[in-house]
Amino acid sequence: MINLAILISGRGSNMKAILNFAATKKIITPTVVISNNYDAAGIKIASKFGIDTIIIPNIKDRRIYDKKLEKVLLKYNITPKNGLICLAGFMRILGADLTKKYKNRIMNIHPSLLPAFAGLNAQKQAIEYGAKYSGCTIHFVDAGIDTGPIILQAMVKIKDNDNHISLAKKILRKEHQLYPKAINLFATKKLIIDGKIVKIINHV
Ligand code: GRF
């Protein structure tokens, strides 16, 4: 069984979707929710699920922060061999040491079709660019910003009357479906990773 850590900074709606999935599917064991933000609304949701929550407050030094994070991960038996770390609205960049150690074992969700509109405010970027479609991407995390191997993507249409708020809502609905799917593929060993390319066994 894979041990799962979920890292959040805010609302925690993706975390909730993942925890619901874990409770029904029972192919991964969520052991801890970690946040850099004491006020993250998701902390309360995690507690309702009976999951331990740990706050590691922000500090500037990435190395020191990541070391603290690693210590917590190991304490909860989330190792580079048996662990999966899901970033779900976690507003920090992880450094090269940690992302190398947990290579292809850290996932992130981003609210655009990467590589378009990486970074902050992806939905606003898509609206301002005049894109006709956007969506969300689940990818493995490397040392870059939203640059790791793409696992799954889902698309939404942008209508003329959409703004970044309505687009974010549409995308979020897709996010809640996509993250559990990606975790399921990972846990059932359906992902074949070759450098930047992730292939999915029996994917149609
Ligand atoms: C989502 O839009 C996700 O794509 C982005 O941050 C947001 C987190 O939302 N990385 P929530 O905390 O899961 O509700």
Side-chain angles (χ1 to χ4, degrees), residues 4-25 28 30 33-37 39-46 49 84-94 99 104 106-142 144-187 190-191 196-198 200 203-204:
L4 171 73
I6 308 173
L7 275 55
I8 63 167
S9 296
R11 185 173 54 182
S13 70
N14 278 289
M15 175 205 72
K16 190 176 172 194
I18 295 169
L19 290 176
N20 277 327
F21 163 77
T24 37
K25 259 294 191 131
I28 42 160
V33 168
I34 302 170
S35 180
N36 59 338
N37 173 16
D39 300 324
I43 307 265
K44 278 199 185 131
I45 304 173
F49 276 86
L84 175 65
I85 301 160
C86 287
L87 310 186
F90 185 62
M91 302 302 283
R92 269 194 82 91
I93 295 160
L94 301 176
T99 52
N104 297 332
I106 309 176
M107 286 184 188
N108 181 41
I109 184 151
H110 183 76
S112 77
L113 296 174
L114 289 171
F117 313 126
L120 293 174
N121 304 317
Q123 302 93 333
K124 200 157 179 263
Q125 290 187 53
I127 293 287
E128 283 171 2
Y129 199 88
K132 302 297 183 201
Y133 291 91
S134 190
C136 50
T137 303
I138 310 277
H139 63 92
F140 286 115
V141 174
D142 61 14
I145 297 177
D146 304 324
T147 50
I150 290 174
I151 304 165
L152 286 176
Q153 294 186 302
M155 194 173 76
V156 304
K157 193 169 167 47
I158 301 177
K159 296 198 174 140
D160 285 350
N161 61 356
D162 270 322
N163 58 28
H164 69 277
I165 296 166
S166 63
L167 177 61
K169 274 190 193 160
K170 276 198 253 186
I171 293 176
L172 195 64
R173 280 197 289 274
K174 293 276 186 194
E175 292 184 32
H176 296 162
Q177 298 164 358
L178 205 65
Y179 224 150
K181 265 189 202 163
I183 294 170
N184 191 35
L185 291 169
F186 180 88
K190 297 266 165 58
L191 301 178
K196 277 286 283 177
I197 310 298
V198 180
I200 300 169
H203 191 60
V204 277

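Side-chain contact check for Leu87 versus Leu94: some heavy-atom pair is nearer than 4.5 Å. Contact check for Ile127 versus Lys124: no side-chain heavy atoms found under the 4.5 Å cut-off. Put simply, the side chain of Leu4 reaches to within 4.5 Å of the side chain of Ile18, judged on heavy atoms. By the 4.5 Å heavy-atom criterion applied to side chains, Lys181 and Ile200 are not counted as neighbours. Using a 4.5 Å heavy-atom cutoff, the side chains of Ile28 and Phe21 are in contact. Residues Met107 and Leu84 meet the side-chain proximity criterion, which asks for heavy atoms closer than 4.5 Å. The closest side-chain heavy-atom distance from Lys16 to Phe49 is below 4.5 Å. Annotation: side chain of Ile171 is in contact with side chain of Ser134 (closest heavy-atom distance under 4.5 Å).
Going from atom CD1 of Ile8 over to atom OG of Ser35 covers 5.0 Å, rounded to the nearest 0.5 Å. Atom-to-atom distance recorded for His176:NE2 and Lys174:NZ is 13.0 Å, nearest 0.5 angstrom. Remark: Tyr179 OH to Ile151 CD1 distance equals 8.0 Å, nearest 0.5 Å. Taking CG of Asn108 as the reference point, atom CD1 of Ile145 lies at 11.0 Å (rounded to 0.5 Å). Atoms CE and CG, on Met91 and Leu7 in that order, are 13.0 Å from each other to the nearest 0.5 Å. Rounding to the nearest 0.5 Å places CD1 of Ile109 at 5.5 Å from CG of Leu178.
Counted within 6.0 Å of CG on Asp160, heavy atoms from surrounding residues, nucleotides or ligands total 12 or fewer; the atom is thus considered open. Counting non-hydrogen atoms of other residues, nucleotides and ligands closer than 6.0 Å to NZ of Lys169 gives a total of 12 or fewer.
In this structure, the side chain of His110 engages the main chain of Phe117 through a donor-acceptor pair within 3.5 Å. Not a single donor-acceptor pair under 3.5 Å links the side chain of Asn20 to the backbone N or O of Ala17. Within the 3.5 Å criterion, the main-chain N or O of Ala154 finds no donor-acceptor partner in the side chain of Glu175. Of the possible polar contacts, none joining the Thr137 side chain to the Gln153 backbone as a donor-acceptor pair under 3.5 Å is found. A donor-acceptor pair under 3.5 Å links the side-chain atoms of Lys170 to the main chain of Lys157, judged by distance alone.
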From CA spacing to verdict: side-chain contact (heavy atoms from CB on, under 4.5 Å), Ile45, Leu19: CA-CA 10 Å; Ile45 304 173; Leu19 290 176; 5.6 Å; no

Verdict with supporting geometry, Leu172 and Arg11, side-chain contact (heavy atoms from CB on, under 4.5 Å): CA-CA 12 Å; Leu172 195 64; Arg11 185 173 54 182; 3.7 Å; yes

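At a cut-off of 3.5 Å, with distance as the only test, no side-chain donor of Asn37 or Ser9 sits close to an acceptor on the other residue.
The nearest pair of heavy atoms linking Gly135 to Leu113 is N-CG, 3.8 Å. Minimum heavy-atom separation, Asp146 to Gly119: OD2-N, 2.8 Å.
A side-chain contact (heavy atoms from CB on, under 4.5 Å) with Asp142 is found for exactly one of Asn104, Ile106, Thr147, namely Thr147.
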